Each structure stands twice: as C-alpha cells, then as structure tokens.
2 protein chains.
Amino acid sequence: MELDTIDRQLLNLLQENALLTVRELAERVHLSITPVHDRIKKLENQGIIEKYVALINRKRIGRGMMVYCFITLDKQRQESFQEFNEAIRQLPEVLECSVVSGNFDYLLKVIVSDMEAYNTFYQSKLSVLHSVSHMSSSFVMEEVKSTTQIGL
Amino acid sequence: MELDTIDRQLLNLLQENALLTVRELAERVHLSITPVHDRIKKLENQGIIEKYVALINRKRIGRGMMVYCFITLDKQRQESFQEFNEAIRQLPEVLECSVVSGNFDYLLKVIVSDMEAYNTFYQSKLSVLHSVSHMSSSFVMEEVKSTTQIGL
DNA sequence: GTTGAAACCGGTTGTCT
DNA sequence: AGACAACCGGTTTCAAC
C-alpha cells in the first residue's frame, strides 16, 4: 500500500509523459522491465493512477478565455447544493468546481472562446440556476503556471 | 488548420482516454486506421495535442488538502511580478497560478497533505516572497467537478 | 479517403534465478 | 522480487486503388 522511492519516481515520470515505454521507465529507475511493469499495473489497480489523458492547448482550439467564478447560494432551501452541483456537472464550460470556505460557497474554473461566449454562458446557464444568490467573475489575464503534476 | 467534426471527435476521445488504440478510434469515428493515424499526428505536430499524461488520485498519495490562495502584490516595485512568477513556478505545491482581474492579483491552486503542511508552505514559501503584500486562503471542502476535458 | 501487407516495436506472460 | 525470452498485438509506413 505504501509508495516507495521507485513508485514515486514512476508516478513523476508518468505524470510528465504517459507515453514513456516500460523500457525507458525501467532505465530511468534502474530496474528491469518486469518489476516496472508490475508496479505500474499495481498503481493502476489501486486507483492511484486514475487515467491517461491527452492534454490539449485551449488557445489553439479557440478557447482563449478562462474565468474564475465565485458563487454564493441562497441557503434558504435545503436542496440548493445538490441541485446546483448536479447542474454544474452538466456544463462543459466548467472544468473545475469546488465548495470552498470563505466569503463565497463555490469557486468555478470556466473556459470559453471569448467575452461574448462568457456573457452568454453567464446569463443563460449560470444566473438561470434558482439557487444562485450572488456571483462574481475574475478573468485570467496570464497563466503563470498550469500543470497536472503533483510533485512527489 | 481548421478542425472538422472528425478532429473534434478524436480530441474528445483522447481527452477522455489517451490509451485508445488507433483501431478503436477509427471505429468510433467511422473511418479506417490510416486517416485517423494521420489526423492524430497532425494534431500533435500542430501543438493542439500538447502532451499525454497520467492523472493520479491526490487523496490516495496523501495530498488530501487543496487550497485556493488569493494574493495581492506590492506594486511599488516594477520587477515584482517577474520575481513572483519565477518563484511560484519553482513551488511544486502550486499546480496552477494565474494573474487575474478583480480584487487581487493572483489566484493559486495549491495541493498539500494537511493543514500543518499548508501552514508550513504558507509561512516559509509564500509569505516569504518580498513582493507579496496581502494573502488570503480558501480551503476546498468538496470537489464537485474536476476535469481536464475541454468539451468540443 | 480505403484496403492490405510488411517491418518494427512495445506490452504481456511464463519461467527462471 | 528481479531478469530473461517468447508471443501477441499495436503502431507505422508503404503501395495500390
């Protein structure tokens, strides 16, 4: 169950590039192919490695705008959160949504093509949700860092 | 340069699962292997597909805490932003960092093991940066949605 | 665009130490 | 647990249509 140094190295390498061959991985961690193969399968079966995905460049496919959205719900109704969560999961523009502590209830990361698209999204998909009581938007002007790699 | 329906389908499929074989992809988009192979290579060469990575479950490797951090810089000094950007890129705990519009300058997504680790990170790595003038933290209590897939 | 063939390479498995 | 070898299935390239 516990990860040793080799496992951590493998996870670091695979988070960087999932196409590395078992042979290459084996060379980098100074083991032979078999144990590396077994370790990777184990990490997959344990659910530590969740999936392998392609990351695409959003700007090159016309998704130049990224916006963080802060939302507060009307907490009068008990079912507000459930309803809101389910609605959000259906929206492809929302890549991340978390319930957070602080001055608002939710923090969303939204990706759209431009300001016009954001306006449409905002007015016809977000503000339309009954449970929303307050919203505010913060537009991304520069991405200083963006990675999926959890350092180990 | 423009993406057609087939390209978008391929990107959707590969964003969901990068291990799909060319044969499987070909079946799903109703083409033969050759053009699908060529299209994928083209998307890679154009930089539309940036990389293939393994996504790992942070909770299963002891990174149970996620925090959004809002930072305002002291703008007296011209070089503040450059310095801060470079410092942030070196911190493995910071997965995302953006310059944003609104009441603060930066929004960071930070991943650590627990509150103690966050406290250490906060005090010895963030507040230590000269350019920082104000900080506030918002702790993630529930991840409603978390995906890398940009819907096409 | 499609099909089919060939070469090559990596994953996978079994067996050995 | 790690090393070695054989097999299978995939990718990749090519030719022809």
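Small disclaimer: the values here were computed from a predicted structure and weren't measured. Side chains included, hydrogens not; waters and symmetry mates left out as well; all remaining heavy atoms used. Numbered from 1 within each chain, the chains take letters A, B, ... in sequence-line order.
- The salt bridge (charged side-chain N to carboxylate O under 4.0 Å, His left out) analysis of residues 118-144 of chain B, with sequence neighbours excluded, yields the pairs B:Arg58-B:Glu143, B:Glu93-B:Lys125.
- In this model, a donor atom of one side chain and an acceptor atom of the other lie less than 3.5 Å apart for A:Glu86 and A:Gln90.
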### Query
How does DNA chain D read in dot-bracket, base by base from 5' to 3', with Watson-Crick or G-U pairs under 3.5 Å and | used when the partner is on another strand?
||||||.||||||||||
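- Contact detail for A:Val36 and A:Leu31: the closest heavy-atom pair is CG2-CB, 4.0 Å.
- Sequence neighbours left out, the pairs with a member in residues 16-30 of chain B that pass salt bridge (charged side-chain N to carboxylate O under 4.0 Å, His left out) are A:Lys51-B:Glu16.
- Contacts between chain A and DNA chain D, taken as any atom within less than 4.0 angstrom of a protein heavy atom, begin and end at D:dG2 to D:dC4.
- More than 12 heavy-atom neighbours from other residues, nucleotides or ligands sit within 6.0 angstrom of NZ on B:Lys75.
- Not one N or O on the side chain of B:Ser131 forms a donor-acceptor pair closer than 3.5 Å with the backbone of B:Leu73.
- Residues B:Asp74 and B:Ser80 approach most closely at O-OG, 3.1 Å, considering heavy atoms.
- Residues from residues 16-38 of chain B lying near DNA chain C, meaning a heavy-atom separation below 4.0 Å, are B:Leu31, B:Ser32, B:Thr34, B:Pro35 in numerical order.
- The CG atom of B:Leu108 sits 10.0 Å away from the CZ atom of B:Phe70 when rounded to the nearest 0.5 Å.
- B:Gln15 is not listed as a side-chain neighbour of B:Thr148, based on a closest heavy-atom distance of 4.5 Å or more.
- The local environment of CD in B:Glu83 is crowded, with over 12 non-hydrogen atoms from other residues, nucleotides or ligands closer than 6.0 Å.
- For the contact set between residues 39-52 of chain B and DNA chain D, defined by any heavy atom under 4.0 Å, the members are B:Lys41.
- Ring geometry, A:Tyr118 versus A:Phe139: the interplanar angle exceeds 60°, so the pair is classed perpendicular (tilted spans 30 to 60°).
- For the pair B:Ser136/B:Phe104, no side-chain contact is recorded, criterion being any heavy-atom separation below 4.5 Å from C-beta on.
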